[in-house]
Amino acid sequence: MTFIPKYNLIEELKWRGLLHDTFPGTEDLLNKEQVSGYVGFDPTADSLHVGNLVPIILLKHLQSAGHKPYALVGGATGLVGDPSGKSSERNLLDKEALLYNQACIKKQLEKFLDFGAKENAAEMLNNYDWFGTIGFLDFIREVGKHISVNYMMAKDSVKNRLENGMSFTEFSYQLIQGYDFAHLYKNKNCKLQMGGSDQWGNITTGTELIRRMHGGEAYALTSPLVTKADGTKFGKSEAGNVWLDPSKTSPYAFYQFWLNVSDVDAEKFIKIFTFLERNTIESLIEEHQKEPHLRKLQKVLAKELCCLVHSEEDYEMAIKASDVFFGNSGAEELLALGKLPFVQAVEGMPKSTLINRVEGFPILDLLSTDTTIFASKGEARKMILAGGLSINKRKATDPNHVITKEDLIFEEYLLVQKGKKNYFLVHFQ
RNA sequence: GGGGAGAUACUCAAGCGGCCAACGAGGGCGGACUGUAAAUCCGCUGAUUACAUCUUCGCAGGUUCGAAUCCUGCUCUCCCCA
């Protein structure tokens with residue numbers, strides 16, 4: 001039976017800016033047979049974040065080109081800790097947290113791939129399943145014997161750490177990850193490992209192991225690190241990491257993250273993060289350049305990602321809330337939003353909870369003493385006098401105002417707005 | 001070991017007896033404009049009960065009606081000669 005890929009994966013990834021490097025022969029392999037490929041995800045947190053989207057997208061492309069994707073949760077590798085890109089030794093996570101993280105990540109990954117496909121259903125793996133039972137002695141006899149320390153020391157991830165030191169634990173990481181690849185090669189006929197460019201060293205240790213242990217040929221494909229034009233780190237908002245878990249980063253905040261991408265980055269990101277076709281993207285870019293103020297690219301980008309990671313309903317809600325928070329609408333529209341969408345939109349905002357008092361809160365105390373919205377009363381006062389503070393979308397003008405029940409929205413909230421886009425929520429109980 | 005220069009607010013950097021909560025620049029925050037952008041312009045940027053008061057200019061003392069500014073000691077930094 002001859003295999004014909006749905007499309008040339010390498011070509012596709014190339015124009016999208018998702019290709020950094022490949023092993024020689026990878027393209028030929030992908031064009032002549034159905035390939036099983038995998039990506040590993042570290043359970044360092046209880047949720048994936050936007051930075052993990054790239055490897056997820058690689059898997060999706062692999063699957064839609066007709067190949068078979070494996071998503072590997074690093075239950076074992078997480079116990080050790082990948083030194084790649086780290087300048088110092090990290091603390092080990094405790095086993096319970098890791099188990100919890102693995103479960104969370106597994107659940108998230110399940111959303112993105114098709115596990116019911118006939119020809120090339122995705123599969124989920126956890127490397128703890130094969131590492132958990134290997135003893136240390138067996139491992140160093142059967143695996144360690146094939147790789148020289150000299151070879152391991154030559155990797156950037158190790159070299160960069162020789163000055164400041166590195167534990168044996170982290171040093172051996174590449175062997176563990178390398179063995180994953182060898183194990184999957186042997187047991188799942190998995191010939192391809194994908195990942196970020198920082199994984200190159202770990203991946204090549206894997207292909208080397210496969211050659212020495214099984215006399216086989218394996219392949220690799222990496223994507224570049226996602227960068228922003230202004231040089232700041234991708235994947236962070238003012239509130240910190242942008243997570244895929246809606247309880248850690250609300251769909252509204254997630255939508256906002258993509259909407260606020262700069263013009264230059266939007267052109268780049270729409271290729272990387274969406275599955276829109278080439279001509280669709282090209283005409284979108286053209287439209288955007290003609291009428292940049294409409295920010296069509298950002299809107300499409302935010303929509304696609306919001307729908308991919310969350311849902312259409314979440315997207316609709318995010319748009320509604322965005323209109324209220326950033327459009328020209330005022331206090332009336334805020335009320336008209338209704339309590340439920342309001343609560344969803346304010347999720348992820350800096351928040352303070354206060355016990356309601358009958359006599360009310362002098363506004364300056366509320367802003368600086370009862371909450372940490374301002375560092376001092378003086379600052380809060382100046383902001384009010386400068387016209388930079390709104391309460392529930394209504395400009396505050398009187399620094400001596402006392403907040404009482406009448407000021408609350410939906411009877412329990414106070415939406416404090418500092419400047420244009422800094423919102424804080426005060427919840428009264 | 002000898003000689004010299006310096007330490008000022010988030011950073012750089014003026015000030016050298018009262019007019020100093022301390023010039024100016026950068027950064028940060030806010031306002032106007034705009035695309036929830038960039039650029040530009042304007043304002044704020046020690047605290048407080050804001051008329052006014054209080055605590056700040058490496059640290060500790062001293063002189064003086066009055067000190068970031070003068071004197072003494074200490075700590076630290078930089079430079080030059082051995």
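The chains referred to below are lettered A, B, ... by the order of the sequence lines, with proteins before strands, and numbering in each begins at 1. Because the structure is predicted, anything quoted here is derived from the model rather than measured.
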- request: Looking only at non-hydrogen atoms, find the nearest pair between Asn392(A) and Asp407(A) and report the distance.
  value: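 Distance-wise, the nearest heavy atoms are ND2-O, 2.7 Å.
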Inter-nucleotide [atom1] distance ([N], [M]), Å rounded:
{"N": "C59(B)", "M": "A68(B)", "atom1": "P", "value": "12 Å"}
{"N": "C42(B)", "M": "U48(B)", "atom1": "P", "value": "29 Å"}
{"N": "A14(B)", "M": "G24(B)", "atom1": "C1'", "value": "7 Å"}
{"N": "U64(B)", "M": "U11(B)", "atom1": "P", "value": "36 Å"}
{"N": "C57(B)", "M": "A5(B)", "atom1": "P", "value": "23 Å"}
{"N": "A39(B)", "M": "A22(B)", "atom1": "P", "value": "30 Å"}
{"N": "C19(B)", "M": "A38(B)", "atom1": "P", "value": "41 Å"}
{"N": "U55(B)", "M": "A21(B)", "atom1": "C1'", "value": "10 Å"}

Have a look at [X] and say if it touches a base, only the backbone sugar-phosphate, or nothing, with a 4.0 Å heavy-atom cut-off.
{"X": "Lys382(A)", "result": "sugar-phosphate"}
{"X": "Ser262(A)", "result": "nothing"}
{"X": "Gly378(A)", "result": "base"}
{"X": "Leu259(A)", "result": "base"}

message: Judged by each residue's nearest nucleotide on RNA chain B, which is more toward the 5′ side, Arg295(A) or Leu389(A)?
response: Leu389(A)
- prompt: 5'-most contact on RNA chain B: Tyr255(A) or Lys377(A), nearest heavy atom basis?
  reply: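 On the 5' side of the pair lies Tyr255(A).
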- prompt: Does any non-hydrogen side-chain atom of Asn127(A) lie less than 4.5 Å from one of Val73(A)?
  reply: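 Not touching, per the 4.5 Å side-chain cut-off.
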field: Check: Gln193(A)/Gln199(A) side-chain N/O donor and acceptor closer than 3.5 Å
entry: no
- request: Answer yes if the side chains of Glu89(A) and Ser167(A) hold a donor-acceptor pair under 3.5 Å, and no otherwise.
  value: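 A pair is found: one side chain offers a donor N or O, the other an acceptor, under 3.5 Å apart.
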message: I'd like to know whether NZ of Lys303(A) has more than 12 heavy-atom contacts from other residues, nucleotides or ligands below 6.0 angstrom.
response: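 At most 12 heavy atoms, drawn from other residues, nucleotides or ligands, come within 6.0 Å of this atom.
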- prompt: Given that both pair distances must be under 3.5 Å and the pair must be Watson-Crick or G-U, what runs of three or more consecutive pairs involve RNA chain B?
  reply: B:1-7 with B:75-81, B:10-12 with B:24-26, B:27-32 with B:40-45, B:46-48 with B:52-54, B:58-62 with B:70-74
Row check, [Y] ring normal vs [X] NZ/CZ: under 6.0 Å, within 45°:
{"X": "Lys32(A)", "Y": "Phe3(A)", "result": "no"}
{"X": "Lys60(A)", "Y": "Phe112(A)", "result": "no"}
{"X": "Lys188(A)", "Y": "Tyr185(A)", "result": "no"}

First and last nucleotide of RNA chain B, 5' to 3', lying under 4.0 Å from heavy atoms of chain A: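 Both ends considered, the range comes out as C29(B) to A50(B).
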- request: Not counting sequence neighbours, which residues clear side-chain hydrogen bond (donor to acceptor under 3.5 Å, both in side chains) with Thr44(A)? List them please.
  value: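 Thr44(A): no side-chain hydrogen bond (donor to acceptor under 3.5 Å, both in side chains) contacts found.
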